[in-house]
Number of protein chains: 2
Amino acid sequence: MVTIGDVARRAGVSRSTVSYVLSGKRAISVATQRRIQEAIEELGFTPNAGARALATSQTMVLGLLLQFHADEFAPAMLQYVLPVSETARAHGYDILMVTDADGPRTIHRIGDSNMVDGFVLLDVTADDPRVPSLREVHQPGVLIGLPRDTREVDAIDLDFTEAARILVDHLHERGHREIVLVTPPHHVVERGGSYVWRFRDAAIERAARYDIRIHAHYGEAQGSAVRRSMNQILDIWPEATALMVHNDATIAALPTILHERGIRVPDDLSVVSLYSRDFGEEFSLPFTAVESAAYELGHTAVTRLVERIQKGREAVPPQVQLIAPAITDRGSTRYLLPS
Amino acid sequence: MVTIGDVARRAGVSRSTVSYVLSGKRAISVATQRRIQEAIEELGFTPNAGARALATSQTMVLGLLLQFHADEFAPAMLQYVLPVSETARAHGYDILMVTDADGPRTIHRIGDSNMVDGFVLLDVTADDPRVPSLREVHQPGVLIGLPRDTREVDAIDLDFTEAARILVDHLHERGHREIVLVTPPHHVVERGGSYVWRFRDAAIERAARYDIRIHAHYGEAQGSAVRRSMNQILDIWPEATALMVHNDATIAALPTILHERGIRVPDDLSVVSLYSRDFGEEFSLPFTAVESAAYELGHTAVTRLVERIQKGREAVPPQVQLIAPAITDRGSTRYLLPS
DNA sequence: CTGAAAGCGCTTACAG
DNA sequence: CTGAAAGCGCTTACAG
């Protein structure tokens, strides 16, 4: 391994001078700089990250905590991972990705051993046990998802309440008076996935304001169960003119289900959803939808975290930020004539 | 931050003794051990990972290189990430996950700065530029996917050739004489995704042996294009009695497409596929299929890498390992009567 | 069974 | 504009 000492010897300077050329924290004569640069290139020197971390107490690594749940296939999580990784790199950070089931212990293990400068927590639930651990550790952290207790935490999430309102408004404007809502599966609620009830409650409340009848059902997570349950739901509410879907497995199966029932969109039924464009394109149809904004969430989370790391934990007040959702009209809803 | 020196002072011993209790590399009296353990717990001591890495030249971190391609939505990649992460943890390693577009440069950046003890490369293509870089760096690496030149590399992949044979055999045994094959999109071929042609070529060759007519088509990656193209393909080959699908977007859209055409499976058409069970359950139907074995691939890759790290790079000869595929009969194929 | 000391490869006051 | 030296927090021969 070639060290800073090798470079210094080759360039005929001290190690500190090499270090200062690397960091740019000191004025160095152009001649010396050139000699050092040459030596670095000739020897192929790259500073040892561990040594640097030890000397500076900065690892330039962020910890990313993912959670996998046995009852679901969550490939969509990758949509968050990518912006987190890219944004981190743009700020000079790498990502230590941890998928351990025991989140609290992992935070301590990684944090206490100083492997990272900060944490990003994905898929945060209402009473997420990782949040208290995050307070105990001396690195800052930012949450993607909303815990029940948001005091003193940095959290970012889509504004699911507003998303639901936007979709209900969209249907209301088009004259719909009876809507079926399919949410994520009930076990997500049990796990504390607050986005389920934030979206659901807001949809119900908004519909009530317009005197729209809304029938909310928990969807399923697996193809066959999805189809069975959706067919039952549609059987129960034959008068409904619109369907609001907040459930990946359901939106993927929807084309089949509707076709089997001979239902045309939007002629026979209007459909709105909450999903990502990429997902819809590959696995379903282009429905009018609110974008799940995974990229923006991941990007914002890391930007915030880096700011907090660099300015110190107390400089920036913790903040809960809800990203404003945007609807894209893809023509899957129709205007109802007043009867 | 509490250091090993604090623990030593509290326990009234030297730092080296604390270190040896931690590592277990030396016999320590039970009494001393107890005192040190108590001191560790009272102070909440966790060894600094950077310092340890500097002293031992071992980071206990593995680099995981992912690639994202603009032309596809690849959430399935998470199926590889999970076993990599879990297996690494089981061996005491963490995962530094890198998604940089410039793989070769990243390998040097991470490797030369000694941030990791080894590399796992995901989604390796035929002429993957990361493979030469891996040779230049002094950490070992293992590939998931098959490069053209497999000399001196450790690589693991599904045996796509055998997978294709198994599926053709399955159809052959049931008397099918004309098959439509839908492969991944053509841009995957252009990118060097060898699994496309390994599967395709083997299927064609195997079919030829049985004198089965096989019509191979490149599939599409997006929902609407998938449906259009599949309908065209099915129009061209009305006599085909079986469909072989090696394409996620197509398998997701298949229920709709077949239903729209009024095709029942397996009565009117037999269907076999190559996908993961999880994927099929959430996004499609339970077709008879060869399992894509992402978990096994990820697990095996890391196991191999850890072995190589610990035994030294030259101790274990590099090896290309093809995982034997397994078919699960889910009843989506029927026996044809000899006409 | 235990300790004092050197060393891992950096950074950064201190000094000139 | 540059250098000598201390220090970051560990591990591990060397010594007893």
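- The structure places OG of Ser57(A) at 8.0 Å from CG of Asn48(B), a figure rounded to the nearest 0.5 Å.
- Looking at every heavy atom in both residues, Val2(A) comes nearest to Gly44(A) through CG1-O, 3.7 Å.
- One can place CD1 of Ile40(B) at 13 Å from C1' of dC10(D), the figure rounded to the nearest angstrom.
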Could you please spell out the steps behind the salt bridge (charged side-chain N to carboxylate O under 4.0 Å, His left out) verdict for Glu152(A) and Arg135(A)? CA-CA 9 Å; Glu152(A) 299 292 309; Arg135(A) 293 185 218 269; over 6 Å; no

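- A distance of 8.5 Å separates CZ in Arg191(B) from CD in Gln67(B), rounded to the nearest 0.5 Å.
- One atom, CG of Asn48(A), and another, C1' of dC10(D), lie 13 Å apart when rounded to the nearest Å.
- Using a distance-only test at 3.5 Å, with no hydrogens or angles considered, a donor-acceptor pair links the side chain of Asp6(B) to the main chain of Thr3(B).
- Note on Arg52(A): every side-chain N or O is 4.0 Å or more away from OP1 and OP2 of dG9(C).
- Heavy atoms of Thr56(A) sit under 4.0 angstrom from primed sugar atoms or phosphate atoms, though from no base atom.
- For Ala55(A), the side chain to side chain contact (heavy atoms under 4.5 Å, CB included) test picks out no residue, with sequence neighbours left out.
- Note that OG1 of Thr17(A) and CD1 of Ile36(A) are 5.5 Å apart. Values are rounded to the nearest 0.5 Å.
- Against DNA chain D, the stretch residues 105-118 of chain B makes no heavy-atom approach under 4.0 Å.
- Remark: Asp117(A) CG to Gln58(A) CD distance equals 5.5 Å, nearest 0.5 Å.
- The stretch residues 28-38 of chain A has no heavy atom under 4.0 Å from DNA chain C, so no residue of it qualifies as close.
- Distance Leu22(B) CG to dG9(D) C1': 12 Å, rounded to the nearest Å.
- In this entry the distance linking CG of Leu54(B) with C1' of dT11(D) reads 10 Å, nearest Å.
- For the contact set between residues 6-17 of chain A and DNA chain C, defined by any heavy atom under 4.0 Å, the members are Arg15(A), Ser16(A).
- Between the side chains of Gln79(A) and Ser276(A), at least one donor N or O lies within less than 3.5 Å of an accepting N or O.
- Counting non-hydrogen atoms under 4.0 angstrom, Ser19(A) reaches a base of the nucleic acid.
- The side chain of Lys25(B) places an N or O atom within less than 4.0 Å of a non-bridging phosphate oxygen (OP1 or OP2) of dT12(D).
- Using a 3.5 Å distance cut-off with no hydrogens or angles, the side chains of Thr32(B) and Ser29(B) do pair a donor with an acceptor.
- Of the possible polar contacts, one joining the Arg308(B) side chain to the Pro317(B) backbone as a donor-acceptor pair under 3.5 Å is found.
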Test Arg105(A) against Asp100(A) for salt bridge (charged side-chain N to carboxylate O under 4.0 Å, His left out), laying out the working first. CA-CA 9 Å; Arg105(A) 169 185 293 274; Asp100(A) 243 311; over 6 Å; no

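- In this structure, the side chain of Thr303(A) engages the main chain of His299(A) through a donor-acceptor pair within 3.5 Å.
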Give me the distances for all protein-to-nucleotides 14-16 of chain D N/O pairs that come in under 3.5 Å?
{"from": "dC14(D)", "atom 1": "N4", "to": "Arg26(B)", "atom 2": "NH2", "distance (Å)": "3.2"}

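- In plain terms, the two heavy atoms of Gly145(B) and Ala155(B) that are nearest each other are O-CB, 3.9 Å.
- If you run side-chain contact (heavy atoms from CB on, under 4.5 Å) between Val302(A) and each of Ile144(A), Val120(A), Leu297(A), Ile156(A), only Val120(A) comes through.
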For salt bridge (charged side-chain N to carboxylate O under 4.0 Å, His left out), just list the numbers for Asp128(B) and Arg148(B), CA-CA rounded to whole Å, side-chain angles, deciding distance to a tenth of an Å, and then say yes or no. CA-CA 9 Å; Asp128(B) 203 304; Arg148(B) 203 182 306 279; over 6 Å; no

Starting at the 5' end of DNA chain D, write a dot or bracket for each base, bracketing those in Watson-Crick or G-U wobble pairs whose two distances are under 3.5 Å and using | for partners on another strand. |||.||||||||.|||

